[in-house]
Amino acid sequence: MNKNYATNLTPREIEAQYERLTLKDDFIFGKVMQEPSNCVEMLQRLTGNVIGDNISINNQKAIKVAVDGKAVRYDVYVEDESTGLYDAEMQQKENVVLPKRSRFYQGLMDLNHLETGDEYSELLDSYVIFICTFDPFDKGLCCYEFENICKGFDDMEDIYLGDGRKILIYNTKGIVCNVDKDTENFLRYIETGEICDDYTEGLERSVSKARCNKEWRVEYMKTFCHDADVRREGKEIGIEIGKEIKLITQVCRKLRKGKSVESIAEELEEDVSVVVNICDIASAFAPSYDEEKILEKYLS
């Protein structure tokens, strides 16, 4: 079998990888939570809310407010007019900025929901939920819950802003169990695969069913290869930009020494036309030759 250039895996190897996926994988997580009973019970365990019957569930929902703005693709996005808006994310990678991500996600949820002419009072409560397979704050808690609270009044009762925003960050590796038994069972199932109750037993059946879904398997393989291509392309672009940064830095050093275009090209063993282009741009930033600004202009 031919290997995918970007992943170095054959189609069969990617397919075999799909067959080993668990609920920790955001693709399987999104598919399993398409089932209303799975999704509703998860949200009730993680938020303590009683979710209504008339809800809208979307997995991998994309929201982009501005044409040239950054888009967000939510793992599981739920609208419940009776209790609020919910975004649930399965998070395995540790090198992410969860606080800023949650802020951005919550802002887009509000912008997407509130239409022109609506009053601010019509904003629904919003919940951003990260289910992490690592401890993002290294405190051992199973759950880190955040709301806007007034600071500076140690001798007074807490003053809540009451803006309806809540961020819940769960840690499947938590050792300080500050959650109820149902939530603990859910987190344990994600971490270990252990079936602890009827709900986690049902989740296991749903995961097994998802692994056997041929349409989802093909979708996963296409998505996996596409994402790998994007990562490879980004790496190649990064390498290319790195080369250009190095060249611009070298040219600027020699310009500061008063060397001519021809001598710079010869010393660097670079095409004269390339050096001429850099020098023309750099002339606007003489005599300091701000390399960052020259690079920005060069790439524009």
Next item on the list: Begin with the C-alpha distance, continue with both residues' side-chain angles, and end with the deciding distance and a verdict on side-chain contact (heavy atoms from CB on, under 4.5 Å) for Ile28 and Thr22.
Entry: CA-CA 7 Å; Ile28 291 292; Thr22 68; over 6 Å; no
Next item on the list: Would you sort out whether Asn112 and Glu79 count as a side-chain contact (heavy atoms from CB on, under 4.5 Å), showing the intermediate values?
Entry: CA-CA 11 Å; Asn112 181 66; Glu79 295 184 3; 4.1 Å; yes
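Atom-to-atom distance recorded for Asn213:CG and Ser208:OG is 12.5 Å, nearest 0.5 angstrom. With values rounded to the nearest 0.5 angstrom, Leu247 atom CG is found 5.0 Å from Glu270 atom CD. How far CD1 of Ile278 is from OG of Ser283: 12.5 Å, rounded to the nearest 0.5 Å. Lys257 NZ to Ile264 CD1: the interatomic distance, rounded to the nearest 0.5 Å, is 10.5 Å. One finds the SG atom of Cys142 at 6.0 Å from the CG atom of Leu187 (value rounded to the nearest 0.5 Å). Distance check: Asp135 CG to Ile169 CD1 gives 10.5 Å after rounding to the nearest 0.5 Å.
Under the 3.5 Å distance criterion, the side-chain polar atoms of Asp80 are matched with a main-chain donor or acceptor of Gly52. Using modelled atom types, no side-chain atom of Ser263 and backbone atom of Lys259 make a donor-acceptor pair closer than 3.5 Å. A donor-acceptor distance shorter than 3.5 angstrom exists from the side chain of Gln92 to the backbone of Lys24, with no hydrogens or angles considered. No donor-acceptor pair closer than 3.5 Å links the side chain of Glu204 to the backbone N or O of Glu201.
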Side-chain donor/acceptor pairs under 3.5 Å, residues 123-132, sequence neighbours excluded:
unit_1, atom_1, unit_2, atom_2, d
Ser126, OG, Gln106, NE2, 3.2
Tyr127, OH, Asn49, ND2, 3.0

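For the pair Lys173 and Phe134, the tightest heavy-atom approach, listed with the atom from each and the gap, is CD-CA, 4.5 Å. Shortest non-hydrogen contact noted between Tyr199 and Ser37 is CE1-O, 4.3 Å. Closest non-hydrogen pair, Ile57 versus Pro36, comes out as CD1-CA, 3.7 Å. Shortest non-hydrogen contact noted between Asn171 and Gly140 is ND2-C, 4.3 Å. Minimum heavy-atom separation, Ser56 to Asn58: OG-ND2, 3.4 Å. Closest approach of Leu98 to Gln91, counting heavy atoms only: CD2-CG, 4.3 Å.
Taking 4.5 Å as the limit, some side-chain heavy atom of Glu19 sits within range of a side-chain heavy atom of Arg217. In this structure the side chain of Glu89 reaches within 4.5 angstrom of the side chain of Asp75, judged on heavy atoms. Taking 4.5 Å as the limit, every side-chain heavy atom of Tyr86 sits out of range of all side-chain heavy atoms of Ile55. Using a 4.5 Å heavy-atom threshold, the side chains of Arg211 and Val207 count as touching. In this structure the side chain of Lys31 reaches within 4.5 angstrom of the side chain of Glu219, judged on heavy atoms. Between Asp25 and Met90, every side-chain heavy-atom pair lies at or beyond the 4.5 Å cut-off. Residues Lys166 and Thr47 fail the side-chain proximity criterion, which asks for heavy atoms closer than 4.5 Å. A heavy-atom distance below 4.5 Å is found between the side chains of Met33 and Leu203.
Cluster membership for Leu141 and Ile175, using ILVMFWY side-chain heavy atoms within less than 4.5 angstrom, is shared. Val50 and Leu85 fall into different hydrophobic clusters, where Ile, Leu, Val, Met, Phe, Trp and Tyr residues are linked whenever their side-chain heavy atoms come under 4.5 Å apart, directly or through other members.
Heavy atoms from other residues, nucleotides or ligands lying under 6.0 Å from NZ of Lys139 number 12 at most. Within a 6.0 Å sphere centred on CD of Glu215, heavy atoms belonging to other residues, nucleotides or ligands number 12 at most.
For Phe137, the ring pair (Phe, Tyr, Trp, His ring centres under 6.0 Å) partners are Tyr144, Phe146, not counting sequence neighbours.
The closest side-chain donor-acceptor pair between Ser273 and Asp271 falls under 3.5 angstrom.
Judged as a side chain to side chain donor-acceptor pair (under 3.5 Å), the pairs with a partner in residues 178-187 (not counting sequence neighbours) are, in order, Asp180-Thr183, Glu184-Arg188, Asn185-Asp197.
Salt bridge status for Arg256 with Glu291: present, with a side-chain N to carboxylate O gap under 4.0 Å.
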